Amino acid sequence: PMPCDIYAAGGTPCVAAHSTTRALYSTYTGPLYQVTRGSDQAKANITPLAGGVANAASQDSFCAGTTCLISIIYDQSGRGNHLTQAPPGGFSGPDVNGYDNLASAIGAPVTLNGHKAYGVFVSPGTGYRNNAVNGTAIGDAAEGMYAVLDGSHYNGDCCFDYGNAETNNRDTGNGHMEAIYYGDNTVWGSGSGSGPWIMADLENGLFSGANPKNNPADPSISYRFVTAVVKGEPNKWAIRGANAASGSLSTYYNGVRPTVSGYNPMSKEGAIILGIGGDNSRGAQGTFYEGVMTSGYPSDSTENSVQANIVAAKYATTSLVSGPGLKVGSSVSFRATTACCTTRYLAHNTSAINTQVVSSSSSTALKKQASWTVRTGLGNNACFSFESVDTPGSYIRHYNFQLVLNANDGSKQFHEDATFCPQAGLNGQGNSIRSWSYPTRYFRHYSNVLYAASNGGVETFDAQTSFNDDVSWVVGAGFA
Ligand code: AHR
Ligand code: AHR
Ligand code: AHR
């Protein structure tokens, strides 16, 4: 039996079941998610293979030579509680009309029992929601939730959530949410250590226990694959967590509602959010692989069986890169492949990054400005960072989606902004250099200036015209 079969047997059936990686019922053969591709906006549903794991190969062939976004995460429960691009609310998103961004379809590759699948990589600004829900908990009604997340992808901004939220995208008061939170935000609650923590977003607070601030019983938890559980019923709730790749769930809190007013009774509204706060706060990041919401308060033993099923699914990491390989420690150059610009190379001029015409007869200074030392990715060691040959200690990073050369300040933000995952070039030449932290975005020259650009979007440099060529670079030997 799969997770939702287990919850049903326990008398607490799934009322929403979301996963881009696998079927959550043993009999589910419908679509897991929909992708929309950049080249022509065509859409395709990705379904499970026999055995239940997503048919990632069908995505790879549909998206070959272009980009793809995850446009729908289907509800497998039969209730139609699908997740789509989140609309604006208390806060606006970065996309057209204040919507949040959709996730890249390739930001979070994994394997399940050796079969490739893709999770939902949520960058700041990305979010999914459903306000027209069927069957989720309302008011003080009981519910349970779990999610499988990437314990190496989080931040301290509000709020990487999955679960129950307001139906109007706004903060309607204490107790109007009940969602799993994952990250190291300390504005409200926190646990022991420096995080990240599993907490419950109950609106106007992330709770790690009955005390609205610190509860040391809630541990920092950062396994590569994390199982996070939150459940609630009248004046009772719990937080549980585990390594999603082995072992069993531990209970981090089990007791009464928080000791501040507005949370007993709860005023749940029943909408479903992923990657954002209840009021569409959209500064957070994280990765979601699978999760459900139930009707009724699941027993610990039901959840323990779900955890055993998750472990048996054997989540594991896989390569984040493709195309011609890069060698750590080597000096490289990046030659543009757009017809306008095939003698131009990625170079810096103090902190600005642009393309310049460089050849063997260029000055030594320019040759060095166009040469980059390949380093292990500062933010993820499965990808790369690029250190300036003439300015050691300074790396290419994105800032406001411009590429700039900055000294490594040692911060997690810098490390992540300076980490890139090369893939086979979108136009068939060389490599396209994808941002680790914003996998919809690639090294792109536009008017000979370098950006982290997406294939269509609100910025001028996101223009779809010439995108594949502008993001494809021949990585050759460095000039110096
Ligand atoms: O409870 C934390 C956050 O506070 C909620 O997600 C959001 O709606 C509000 O800003
Ligand atoms: O480039 C996008 C973001 O802009 C970076 O992640 C951040 O450092 C800056 O605010
Ligand atoms: O960077 C040169 C050109 O500027 C790009 O090819 C084009 O997209 C933009 O107009």
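It should be emphasised that the depicted structure is a prediction, and the values quoted were computed from it without experimental measurement. For ligands, and for the atoms within them, numbers begin at 1 and follow the listed sequence. Residues take their numbers from the sequence shown, with the count starting at 1.
- Side-chain contact annotation: S437 with Q285, donor-acceptor N/O pair under 3.5 Å absent.
- Without hydrogens or angle criteria, N155 side chain to D157 main chain gives a donor-acceptor distance under 3.5 Å.
- Using cut-offs of 30° and 60° on the angle between ring planes, the pair H153 and F121 is parallel.
- With no hydrogens or angles considered, a side-chain donor-acceptor pair links T337 and N427 at under 3.5 Å.
- Near Y446, with a cut-off below 4.0 Å to any heavy atom, the atoms of ligand 3 are 1 (O), 4 (O), 8 (O), 9 (C).
- For the residue pair T376 / N381, no side-chain donor-acceptor distance below 3.5 Å is found, with atom types taken as modelled.
- Of all atoms in ligand 1, numbered sequentially from 1 with element shown, those under 4.0 Å from a heavy atom of G205 are 1 (O), 2 (C).
- Ring planes of F288 and Y162: tilted class, angle from 30 to 60°.
- Figure legend: R441 and F401 shown as a cation-pi pair, the cationic atom lying under 6.0 angstrom from the six-membered ring centre and within 45 degrees of its axis.
- Judged by distance alone, the side chain of H82 and the main-chain N or O of D75 form a donor-acceptor pair under 3.5 Å.
- The contact set between ligand 1 and W188, taken as ligand atoms under 4.0 Å from a residue heavy atom, comprises 2 (C), 3 (C), 4 (O).
- A salt bridge is absent between K268 and D140: the closest approach of a Lys/Arg side-chain nitrogen to an acidic carboxylate oxygen does not fall below 4.0 angstrom.
- Side-chain atoms of S472 come within 3.5 Å of backbone N or O of L426 as a donor-acceptor pair.
- Here's the thing with E166: none of its N/O atoms is less than 3.5 angstrom from an N/O atom of ligand 1.
- Taking every heavy atom of T338 and a limit of under 4.0 angstrom, the matching atoms of ligand 3 come to 6 (O).
- The distance criterion of under 3.5 Å between nitrogen or oxygen atoms is met by G278 with respect to ligand 1.
- Contacts between A179 and ligand 1, counted as non-hydrogen atom pairs separated by less than 4.0 Å, are absent for every part of the residue.
- In this structure, Y181 falls outside the shell of residues with a heavy atom less than 4.0 angstrom from ligand 1.
- Atoms of ligand 1 lying under 4.0 Å from at least one heavy atom of G277, given by number and element, are 6 (O).
- Put simply, no part of R344 is less than 4.0 Å from ligand 3, judged by heavy atoms.
- If you check the side chains of S208 and D218, you find no donor sitting under 3.5 Å from an acceptor.
- Interface of R444 with ligand 3, defined as ligand atoms under 4.0 Å from a residue heavy atom, comprises 8 (O).
- The backbone N or O of G241 sits nowhere less than 3.5 Å from a side-chain atom of T227 that would complete a donor-acceptor pair.
- Heavy-atom separations between M177 and ligand 1 include at least one value shorter than 4.0 Å.
- Ionic pairing of E269 and R170 is not present here: no N-O contact between side-chain nitrogen and carboxylate oxygen is shorter than 4.0 angstrom.
- Heavy-atom contacts of S281 reach the following atoms of ligand 1: 10 (O) (cutoff under 4.0 Å).
- In this structure, a donor-acceptor pair under 3.5 Å is present between the side chains of H348 and D390.
- Protein neighbours of ligand 2 below 4.0 Å, counting non-hydrogen atoms: R397, H398, Y399, N400, F401, Q413, D417, Y438.
- Under the 30°/60° scheme for interplanar angles, the aromatic rings of Y451 and F461 are found to lie parallel.
- An N or O contact shorter than 3.5 Å links D279 to ligand 1 by distance.
- Near S447, meaning under 4.0 Å from one of its heavy atoms, ligand 3 places the atoms 1 (O), 2 (C), 3 (C), 4 (O), 9 (C).
- Within ligand 3, the atoms closer than 4.0 Å to a non-hydrogen atom of N448 are 1 (O), 2 (C), numbered from 1 in the order shown.
- Taking any N or O of D470, backbone or side chain, at least one lies under 3.5 Å from an N or O belonging to ligand 3.
- Heavy-atom proximity to D201, at under 4.0 Å, picks out these atoms of ligand 1: 1 (O), 2 (C), 3 (C), 5 (C), 6 (O).
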